[in-house]
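Counting convention: from 1, in listed order, for ligands and their atoms alike. Small disclaimer: the values here were computed from a predicted structure and weren't measured.
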Amino acid sequence: MAEFDPHILEEKAVPPPEGFSRRARVGSLADYRKLYQRASEDPEGFWSEQAELLHWFKAPTQTLAWNPPHARWFHDGTLNVSYNCLDRHVQLHPQRTAMHWEAEDGQRVTLSYTDLYEKTCRCANALKKLGVKSGDCVTIYMPLIPQLAVAMLACARIGAMHSVVFGGFSAPALSDRMLDAKSRVLITADGGYRRGRIIPLKDTADTAVGKCPQVEKVLVVRRTGEKIKWHEGRDVWWHELVDAASSLAPAEPFPAEHPFFVLYTSGTTGKPKGVLHTSAGYLLQTMWSTRLVFDLREEDVYWCTADIGWVTGHSYLVYGPLACGATLVMYEGAPDFPVKDRFWQIVDRYKVSIFYSSATAVRAFMSWGRELLEKHDLSSLRLLGTVGEPINPAAWKWYHAIVGKGRCPIVDTWWQTETGSILISPLPGATPAKAGSATLPLPGVAARVLRMDGSEVVPGETGYLVIEQPWPSMMRTIYGDDERFKRDYWSRIPGKYFTGDAAQCDKDGYIWVLGRVDDVIKVAGHRLSSMEIESALVSHAAVAEAAVVARPDEIKGEAIVVFCTLRMGFSADEQLRAQISDHVANVIGTIARPAEVRFADLLPKTRSGKIMRRLLRELAHKGSVSGDTTTLEDFSSIEKLAREVGHDEE
Ligand code: WTA
């Protein structure tokens, strides 16, 4: 399956700015290579040295216990995650700003490390009063407000797991996740704001809790002040319980492998999987990578624009930066509300020096024009980052030239919910960047691009991205489904971690991630499953059969296209089209709303009855199907790979 992409082989490297390299933690490619080699020769020695970054109640004497595919890292050590993110900074610099929060309506709050610590302690005590114990899983369904970070840190403080569900998910998506996690406590808010509209989170939460008999308590933050339904005995106001609780809550030690959080993500079936991360390995590698990849310093103002409902928000808005004692910015709203230069106002106001966003955001900025940036002083920026989907070279170059004014290195960071932290990325002072490539694996990361038979690809050939050795922040299992963990990640190329991504490697060893080989769709960097959307579709009374594919989208990377056949008695009209779209948004969330719904008399199928998604992809992409549809050779390399992996039809 040798597919050669000349663009990948020809892209010129952009060296890191000299001034940046001079003061960076890793200042040259040669130093990176030395570090990489040191880590691959003795991974355990390497990671046990890095482990000194954390505060341990009992320092580990063991580094890795590897019983493939199950890893335990630092397992005889004990620590407390929230102590690492708060207490130790409070001891050193109590008044340092931990967080600047800005609401969509312009309201602003600044919290010092002491403020954040005290709020976390109060919340920890409140959760205990609600009966939350170590090992329980608390579901959190909130807007992007400081209480969300407080709630997470409070769970960590008392050894409870959290499962944060993105505030854009609907009631059925929330209840599925609460049921799977067996949460007895839900933390939510009366509502949130999105582009000036109130999102009625509590209403949605009420509907979801109605399907979850195990939920005993719902802790509610008052955010909008709108009138909400109140369930006496079950619902508790945050401002009554948390604000009245004691601000002292000693951080207890927990074992390194104590379960930390579950984060549900979409996979290749209709059922989302609960990716389980544990304490020390996750925290260590997120903290370590934050320092290395973002070159984070005490004087930086760091802004990751992700929502905490996704893994980027967990690792690089909350845990990585706070473990480093950084000053971060959190912004509640959308980039274009009420004005399209909202982000640049924020950069200017707080003098943001590190800006980490998505490729979709960059493409949107590009389409809105450079004039919007010119109104603001962006000279505080010194490093830019991107994540979540491949960034096309044109968008990369615009980001570099227009946002970074050619002065700022760009870190194109590749990773996944499952990997916990960034695994492939340039080191900003060391690695010459190539527009569109995540470049080289971080030290300690054995990333390879392989053929299905386990052999290495040649430069320019498309293969599968795999990780050959365990790493500290790797997922430990799928919550409640270890078999699926083994099957999905460790058996496709036996003994190696299978990422689900197609990639190429160029002659310099740079990795170019091309996209997924399974049924995962990335809309604006948000991870969705075509199977999940299909099951939502067939739950609509009019839909007989449905197939969901992605087509390229200029801004969002991918867009959802639905093909469906209708049951007898329903007519294919505009009204039904809108109804079906609304239905998907109601079942999953507005992020899953299809860009297009197409009606068909029949869906194309193979002789064995499987839907030919490849044909539909081409149809969605080009509007028609070319080539010989009986041999079906005329498709892109990723689709061929998908077939080989067996995720797809035929
Ligand atoms: C994709 C997001 C290209 C990839 C942190 C991966 C990327 C999936 C990049 C994980 C990148 C992430 N370049 N593709 N820099 N970063 N991806 O779990 O397909 O939401 O498998 O984690 O996003 O998505 P997830």
Partners meeting side-chain contact (heavy atoms from CB on, under 4.5 Å) with Cys324 (sequence neighbours left out): Met287, Thr290, Arg291, Leu296
Neighbouring protein residues of ligand 1 - any heavy atom closer than 4.0 Å: Val311, Thr312, Val387, Gly388, Glu389, Pro390, Asp412, Thr413, Trp414, Trp415, Gln416, Thr417, Asp501, Val513, Arg516, Lys522, Arg527
Atom of Leu381, atom of Cys408 and distance for their closest heavy-atom approach: O-SG, 3.4 Å
side-chain contact (heavy atoms from CB on, under 4.5 Å) between Tyr399 and Phe355, intermediate numbers included: CA-CA 11 Å; Tyr399 201 22; Phe355 178 77; 3.3 Å; yes
Residues, nucleotides or ligands: over 12 heavy atoms within 6.0 Å of Lys522 NZ: yes
Among Leu442, Thr413, Leu465, Thr499, the one residue meeting side-chain contact (heavy atoms from CB on, under 4.5 Å) with Ile424: Leu465
Ser529 side chain to Met531 backbone, donor-acceptor under 3.5 Å: yes
